[in-house]
Amino acid sequence: MSHFDLLLRQCQLLQSSNVCELVDVAIHSGEIVEIAPHLDATAELELEIQARLVSPPFVESHIHLDSALTAGEPRWNQSGTLFEGIEIWRERKQNLSLEDVKQRAIETLKQQAMQGVLFVRSHADVSEASLTALKALLEVREAVKDWITLQVVAFPQDGIYGGAKNDALMEEAMKLGADVVGGIPHYELTREDGVRSVHRIFELAQKYDRLIDIHCDEIDDDQSRFLEVVAACAIRSEMGSRVTASHTTAFGSYNNAYALKLLGFLKRTQLNFIANPLINITLQGRTDTYPKRRGVTRVKELWQQGMNVSLGHDCVQDPWYSLGTGNMLDVASMAIHVCQMTGRDEMNACFDMVTWNGAKTLNLNEYGVEVGKPANLIVLDAIDRYDAIRRRATVQSVISQGKLLAQTEPPKTKWRGS
Ligand code: FE2
């Protein structure tokens, strides 16, 4: 009889979209070694899953760990706008130290991991000459690698051409080891600078062989049209699958004639898209009276066209979004509401946007609960994806690289009435 490190009995295993079966899962030396309806085996540790949902871990494809847990420092964002958030962060980041960033980032990552997130892409602001945020997150990436995978984006919050030294800081960030080239074309000083910044981002990515993730058109301005520039660069460079357009909220404000033309171009790109519905439903539309825009990109249409869309939290308790716990089911639930994706398939798709689609965005190549892959998986107190999102199901067990990392008891309420 085989003996394994870990055995999970009677898992409702979500192996890929629409495939779910009741199986035992055996884990040994950090790998998934067997999956079968019943395994005649023993293990150091056996978990009775009792037909609960077992899924690959959540993927947080867009967060800013350098600013996490700073809400109210030095003041609260009263207007609720992106731009007041940037002003507050400009003040707060004067006091950044390596220890400050590392401590808050690791605390946030632990919160995320306890809720089933084991893959994270974080932006690091590289607008300061000291590059403190980036250096701290690169140290964090190393410190946490045994239990969570962290990708770090060099993110020029104040624009690549917003200051004399910013471009050189981006290049320095690549040399220090950032995984991904970031950008913010809609916040460059002029439209021409914005276009130039997109070209520069592709140039850096090719020079240093890195992925790309651009904060693109995060504004309600229907004339903010850098997504078309990103699409053109992706088509010509054939780098589309390694490129992500984050936010693209202006896409929700474009007229349909332009949006339809753009959709046709986008289909040729293999670009990844990330929407951040929790934050963009609160940040955007602030200058509108009524009707008030939702400020979220066209998630449903991109998904219907077969493009890869994932969802991010973006911020957890920072100058832009003072709420949040890192729970990806909150993100999926908000996407269902804001993007009006309430059809059964649409709701399931929103679960996939915080799992498989996020893995595709991050270019992860060993994701999924399959024999031969690293043993990363979560057990949800739910029977299926719809149930998990509707009830924001507790993640009961988190298994990372073959080890039990966290366990949470679902809340129980006793009815005392008659
Ligand atoms: Fe962001």
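Note that these values count all heavy atoms, side chains included, but never hydrogens, waters or copies made by symmetry.
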Looking at [atom1] of [X] and [atom2] of [Y], how far apart are the two atoms once the value is rounded to the nearest 0.5 Å?
X: Trp147; Y: Lys403; atom1: CH2; atom2: NZ; answer: 13.5 Å
X: Ser122; Y: Ile63; atom1: OG; atom2: CD1; answer: 6.5 Å
X: Ser400; Y: Leu377; atom1: OG; atom2: CG; answer: 9.5 Å
X: Glu171; Y: Asn166; atom1: CD; atom2: CG; answer: 13.5 Å
X: Asp167; Y: Leu204; atom1: CG; atom2: CG; answer: 7.0 Å
X: Met334; Y: Leu278; atom1: CE; atom2: CG; answer: 5.0 Å

Look at the side chain of [X] and the backbone N and O of [Y], then say whether any donor-acceptor pair between them is shorter than 3.5 Å.
X: Asp221; Y: Gln223; result: yes
X: Thr361; Y: Asn357; result: yes
X: Asn272; Y: Ser241; result: yes
X: Thr244; Y: Ser246; result: no
X: Asp387; Y: Ile383; result: yes
X: Ser197; Y: Gly194; result: yes
X: Thr297; Y: Val299; result: no

Among side-chain atoms of [X] and [Y], is any donor-acceptor pair under 3.5 angstrom?
X: Thr325; Y: Asn327; result: no
X: Ser253; Y: Asp222; result: no
X: Asn376; Y: Glu366; result: no
X: Asp217; Y: His186; result: no
X: His313; Y: His64; result: no

Worked verdict on Lys145 versus Glu142 for salt bridge (Lys or Arg N to Asp or Glu O under 4.0 Å):
CA-CA 5 Å; Lys145 69 178 184 191; Glu142 187 62 22; 2.7 Å; yes

Mutual orientation of the aromatic rings belonging to Tyr258 and Tyr254 [parallel < 30°, tilted 30-60°, perpendicular > 60°]:
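Tyr258 and Tyr254: perpendicular rings.
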
The test is side chain to side chain contact (heavy atoms under 4.5 Å, CB included); show your working for Gln115 and Thr394 and say whether it passes.
CA-CA 8 Å; Gln115 298 178 92; Thr394 301; over 6 Å; no

[atom1]/[X]: more than 12 non-hydrogen atoms of other groups inside 6.0 Å:
X: Gln270; atom1: CD; result: no
X: Lys373; atom1: NZ; result: yes
X: Tyr208; atom1: OH; result: yes
X: Gln94; atom1: CD; result: yes
X: Lys360; atom1: NZ; result: no

Stepwise salt bridge (Lys or Arg N to Asp or Glu O under 4.0 Å) check, Asp158 with Lys93:
CA-CA 12 Å; Asp158 299 335; Lys93 71 187 179 184; 3.3 Å; yes

Please walk me through it: do Glu87 and Arg90 pass salt bridge (Lys or Arg N to Asp or Glu O under 4.0 Å)?
CA-CA 5 Å; Glu87 288 305 316; Arg90 192 169 284 144; 2.9 Å; yes

Nearest heavy atoms of Met170 and Ile160, plus distance in Å:
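Smallest heavy-atom distance, with atoms named: CG-CG1, 4.0 Å.
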
Pick one: which of Gln396, Gln12, Gln10 meets side-chain hydrogen bond (donor to acceptor under 3.5 Å, both in side chains) with Arg52?
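When Gln396, Gln12, Gln10 are each tested with Arg52, the side-chain hydrogen bond (donor to acceptor under 3.5 Å, both in side chains) holds only for Gln396.
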
Counting the benzene-type ring for Trp, do His123 and His215 have ring centres under 6.0 Å apart?
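Yes - the distance between ring centres of His123 and His215 falls below the 6.0 Å cut-off.
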
Qualifying residue for side-chain contact (heavy atoms from CB on, under 4.5 Å) with Leu137, from Leu65, Leu98, Val153
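Of Leu65, Leu98, Val153, side-chain contact (heavy atoms from CB on, under 4.5 Å) with Leu137 is met by Leu65 alone.
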
State whether Phe226 and Arg191 meet the cation-pi test: NZ (Lys) or CZ (Arg) under 6.0 Å from the six-membered ring centroid, and within 45° of the perpendicular axis.
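Yes; both conditions hold, so Arg191 lies above the ring face of Phe226.
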
